[in-house]
Structures are given as structure tokens and as C-alpha cells.
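One structure is given here, and the rest of the page talks about it.
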Amino acid sequence: MTVSAAGLRQALDQLADLKQGPVSLEEAVERVVAAADALFGVDGTALMLVDRDQVLRNLAASDPRAVPLEELQATHGEGPCVDAFDDKQPVPAGDLATDDRWPAFSPAAAGRGLRAVLASPIPYSDQAVGVVAVFAAQPHEWGEAELEAVVAFTELVALLILNAMEASERGRVAGELQVALDSRVVIEQAKGVLVGRHGLTTRQAFERLRRQARDQRRPLTEVARSVVSAAEHR
């Protein structure tokens, strides 16, 4: 599981045609995930994009174990991919069986065969729109070369997404991502209302919105819009 500078250059060279080629975003990210998998020699690689409820969902994955990685983070609202997305910086986790940063997610993930994760955010403008994550079934301390490599892959994905979003005819994934970006605006406004009114952290405010949406069986964006509307009419 050793990443070399030469190996990274070779992997990126093999993907260079994606920057100009007439390949769909879906096909392009499948190739990126496969290349990352081969380079890292890990048990799997996943590429997640945010959905309209601001939850990370798999767009491409090389191994079925990426499914619980997505599900457990969505359920518990925490995990290395969530932190990478929120903080806009890479997050390594060498052994989830002993990592106490995510008290609900970590033991659940370790119990599903996910022991080590390295997550890097996918930037778009001044925001993050997703995460590239490599994971292993055994504990693994991620080195500097691996950190640089996963950032290089996320930068390539960011370029592919930028090209897809600026294309005259957007594909399905680009269209869904635009919906997610539009919904983020009102969700951020609602989080701001809750932070100011109740003294919550932004993450606590988001969890309150999510909980209310689940309890009322309403879309998160609709709940957020109601919070903002109520604040405007007070």
C-alpha cells in the first residue's frame, strides 16, 4: 500500500484525456475511482457527491464496502468524509476501531470491515461538493505521499465537475449537483437562524434541521425554508 511519485504521475497521465475528451461525468469518475484503487492498492475507493439534503452519496465506488461507509455517515451525521467535506481539508483515519473522533460512526464502521479511511474534499468555487475516499479493511497509517495523491485525484475530479457544470448541455449528475447547490443556500440560511437563536454550532443546527425533517417526513429544504420564513416574519 505504498504510493510513489512516479506511480501518481503515471496514473494521472493515463487520465489526462478526461480533461478534454467527450466522456460523460459518470464515466469519467468511474475511471478516476479505478485509477485511485490501483494506485493506492487499498480495499476500495469511493467518490461521493452531496445531494439536495447536503448528505454525501456514492456516485462511484470500487467495492461494496463503500455502501456502509455512505450509509453510516448519513445515519450518524459524522465520520471522516463528513469532516473532510465540512472543513474542506483532507482527513485521515488510521484505525476506526480506536478512533474516538466519531463516537457513533467509528465502532459501527469497524464492525462492518472498514478500519482505515483517507478522505479528501472535492472543491467547487469556494465550497466543497463531495469527497474522494480510499479505505482499507485493516489499520493503516496514511503517509504524506498518500495524502498528496488523494488530493491530486480530488483536484482532477474538481476540474471534471467544473467542466460538466459549465457545459452548454448538462448531464444528469451535473443537473442534480446544481439542485444540491441551490438547496444549500436556504439550508445555510436556516442554520444561521438556529445558531443565532439557540446558540448552536453549525453542525448542531444542521442536525436539528435533519431531525425535524425526518420527524415530519418533509424534505430538508422545505423545513429549512420554513425556518427562514418564520424568522423573517417575527
Side-chain angles (χ1 to χ4, degrees), residues 15 18-36 44-64 66-77 79-88 119-134 150 153-191 202 206-207 209-210 212-214 216-228:
L15 298 171
L18 296 178
K19 298 176 183 178
Q20 293 88 21
V23 181
S24 71
L25 182 57
E26 294 93 324
E27 293 174 288
V29 297
E30 289 282 359
R31 282 183 56 189
V32 171
V33 164
T45 303
L47 192 154
M48 304 176 181
L49 291 183
V50 67
D51 68 9
R52 68 177 64 201
D53 287 336
Q54 304 305 296
V55 176
L56 293 167
R57 300 297 186 187
N58 284 335
L59 177 60
S62 65
D63 188 277
V67 175
L69 179 63
E70 172 197 291
E71 290 176 349
L72 293 172
Q73 290 184 131
T75 298
H76 299 295
C81 297
V82 175
D83 280 5
F85 177 79
D86 287 346
D87 300 336
K88 302 180 183 65
S120 181
I122 302 169
Y124 179 76
S125 185
D126 60 344
Q127 307 176 65
V129 293
V131 169
V132 173
V134 292
V150 77
F153 277 105
T154 52
E155 289 175 347
L156 173 58
V157 174
L159 177 60
L160 298 175
I161 288 174
L162 178 64
N163 291 342
M165 296 297 283
E166 293 183 345
S168 56
E169 293 186 15
R170 287 180 179 170
R172 176 187 62 83
V173 174
E176 291 175 354
L177 186 54
Q178 185 61 59
V179 172
L181 292 172
D182 292 342
S183 71
R184 177 179 292 176
V185 175
V186 69
I187 291 171
E188 289 298 319
Q189 290 173 336
K191 285 163 60 178
T202 55
F206 181 60
E207 285 305 309
L209 290 170
R210 286 184 64 202
Q212 185 176 342
R214 283 197 302 266
Q216 298 177 358
R217 297 184 180 179
R218 298 165 63 197
L220 179 61
T221 307
E222 183 180 306
V223 170
R225 195 170 288 115
S226 298
V227 170
V228 174

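Here, residue 1 is the first one in the sequence, and each next residue gets the next number. The basis for the numbers below is simple: all heavy atoms, side chains too, and nothing from hydrogens, waters or symmetry mates. Because the structure is a prediction, the values reported are computed rather than measured.
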Please name the pair of heavy atoms, one in [X] and one in [Y], separated by the smallest distance, quoted to 0.1 Å.
X	Y	answer
Gly44	Asp63	CA-CB, 4.0 Å
Ala119	Pro80	CB-O, 3.8 Å
Ala61	Ala66	CB-CB, 3.5 Å
Arg210	Gly77	NH1-CA, 3.5 Å
Ala133	Leu69	CB-CD2, 4.3 Å
Ala84	Pro121	O-CB, 3.3 Å

Rounded at 0.5 Å granularity, tell me how far [atom1] in [X] sits from [atom2] in [Y].
X	Y	atom1	atom2	answer
Gln212	Glu207	CD	CD	13.0 Å
Leu177	Met165	CG	CE	4.5 Å
Asp83	Gln73	CG	CD	8.5 Å
Ile122	Leu49	CD1	CG	5.5 Å
Thr154	Ile161	OG1	CD1	10.0 Å
Lys19	Asn163	NZ	CG	10.0 Å

Are the side chains of [Y] and [X] in contact, using a 4.5 Å heavy-atom criterion?
X	Y	value
Val32	Leu160	yes
Tyr124	Leu181	yes
Glu70	Cys81	no

Decide, yes or no, whether a salt bridge links Glu176 with Arg172 under the criterion of side-chain N to carboxylate O below 4.0 Å.
yes

The residue among Val29, Asn58, Leu56 that forms side-chain contact (heavy atoms from CB on, under 4.5 Å) with Leu47 is Val29

Which side-chain N or O atoms in residues 219-227 pair as donor and acceptor under 3.5 Å with protein atoms at least two apart or in another chain?
| unit_1 | atom_1 | unit_2 | atom_2 | d |
| --- | --- | --- | --- | --- |
| Glu222 | OE2 | Arg218 | NE | 3.0 |
| Ser226 | OG | Arg218 | NH2 | 2.9 |
| Ser226 | OG | Glu222 | O | 3.1 |

So the side chain to side chain donor-acceptor pair (under 3.5 Å) pairs with at least one residue in residues 45-56 (sequence neighbours excluded) are Asp37-Thr45, Asp51-Arg57, Gln54-Ser183, Gln54-Arg184

